[in-house]
Amino acid sequence: MQTLFRLGYVAMSVHVKNCSPSQTMTYSTFQKIPDKDSAMIRLEQIAKSNITNSLRLLKHNRAHDIYFFRLSSRLIPLATHEDLRDWNYISGVKRELEELGSYAKKHEMRIDFHPDHFVVLNTPKKDVFKQAVQTLIYHHRLLRGMKVDPVHRCVIHLGGKYGSKEESLERFVDNWGKIPNAIQKMIMLENDDKTFHIDDVLYVCEKLNIPMVFDIHHHLANQRTKNWGNQWNRIIKTWSGSPRPVKIHISSPKSNKQFRHHADYIDIGQFLNFIQQINGTVKQVDCMIEAKKKDDALFRLTEELRTNNMIKWNNKASFYLESV
DNA sequence: CGCTGTCAAGACGAA
DNA sequence: TTCGTCTTGACAGCG
């Protein structure tokens, strides 16, 4: 079996200027605006700009054969703020969302989300859990607004340790039962760099039938000495019931001292070593490049890969790896 | 215009 | 129990 490797990147471009998809308004600024109607209009303007800028980014991606992209989770500022609970934050940006979604569908692009680490489903605090669910519902509404199938489009982590890792793992399982089925179907789980390593995430993913996103950098930060090769077959099995291809996260450590931080670019040696190990195990692997230099890191990686004669290009940003 | 401080969020360890 | 730190990109305000 030949494996198609497809490259993608995160949320924003360093090449396309004046194209932020994450412009925002803080709550303290919002409160300082005396006229609430004009404050709401301003919020909607920012949201429209963020969404149309995301569409511009998809067009930029298409020009470079990039069909895999993580949208910013900050498209609509203050959407999940509890003092704005009554605000129908979707209705004002319906047209923009539909346009974004239809462009992605038309060009068969994989788009997804990865909310900040504040979405913690295994928290023992009721209000934190409630807020996490609200944020997930927000992502679900965005996807429905785009008229994109929400299944397996939102990556989150297992959450905090709270003293006992075992209990916190089980609390995730318990809390999972408390969230709506439609939200469950949207979620994928990723190993983190401090607490929950591959085995923990696999345990939960297999138990609850959730696809697992493997993050090689997190694995090295968390379990530097342990080989992940044995678990890879289990990881790809978690995707067997998914309409989407296997997805992984790739980033390189900034330095030994700041190991957990993302470097500007991707280390080509590490990348090649990684894809060689998984080549031939599955039909397609989508590789999310998580580097400070965003799309420029993707471009540099493809430039470096071009000098390698084992790479057979499918297009400018996807390829096969010839086995030796 | 560019720099510094602040904003959001939740976890977590120190005091 | 409270506070500072971590993390991130962007805003706000200062000189």
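In what follows, chains carry the letters A, B, and so on, assigned in the order in which the sequence lines appear, proteins first and then strands, with residues in each chain numbered from 1.
Using a cut-off of 4.0 Å between Lys/Arg side-chain N and Asp/Glu carboxylate O, Arg70(A) and Glu290(A) are scored as salt-bridged. Under 4.0 Å is where a charged nitrogen must lie from a carboxylate oxygen, and between Arg244(A) and Asp149(A) at least one such pair does. Ion pairing between a basic and an acidic side chain is recognised when a charged N comes within 4.0 Å of a carboxylate O; Asp112(A) and Lys247(A) show such pairing.
Taking atom CG of residue Asp193(A) and atom P of nucleotide dT8(C), one finds them 10 Å apart after rounding to whole Å. When the P atom of dA8(B) is taken as reference, atom CG of Leu75(A) falls 19 Å away, rounded to whole Å. Note: CG (Asn18(A)) to C1' (dG9(C)) measures 16 Å, nearest angstrom. The separation between Phe129(A) atom CZ and dA9(B) atom P is 19 Å, rounded to whole Å. One interatomic measurement links the two molecules: CZ of Phe196(A) to C1' of dC12(B), which rounds to 14 Å at whole-angstrom precision.
Distance from the side chain of Lys294(A) is smallest for dG9(C) among the nucleotides dG9(C), dA12(C), dA11(B). Considering only the side chain of Thr24(A), dA10(C) comes nearest among dA8(B), dA10(C), dA11(B). Nearest nucleotide to the Ser28(A) side chain, out of dA12(C), dT7(C), dC7(B): dC7(B). Taking every side-chain heavy atom of Met12(A) into account, dA10(C) is the closest of dC11(C), dA10(C), dT7(C). Closest to the side chain of Ser20(A), from the set dA10(C), dA8(B), dA11(B), is dA10(C). Distance from the side chain of Thr123(A) is smallest to dA11(B) among dG10(B), dA11(B), dC11(C). In the set dT8(C), dC7(B), dG10(B), the nucleotide with an atom closest to the side chain of Arg74(A) is dT8(C).
If you look at Phe274(A) and Trp228(A), their ring centroids are closer than 6.0 Å. Close placement of the His114(A) and His157(A) rings is indicated, their centers lying within 6.0 Å of each other. Residues Phe69(A) and Tyr9(A) place their aromatic rings such that the two centres sit under 6.0 Å apart. Between Phe30(A) and His81(A), a ring centre-to-centre spacing not shorter than 6.0 Å is recorded.
At a threshold of 4.0 angstrom between heavy atoms, the contacts of Lys194(A) with the nucleic acid are absent.
The stretch residues 154-171 of chain A comes close to DNA chain B through Gly160(A), Lys161(A), Tyr162(A), each having a heavy atom under 4.0 Å from the strand.
Nearest-nucleotide mapping onto DNA chain C: of Pro21(A) and Lys32(A), the residue sitting toward the 5' end is Pro21(A).
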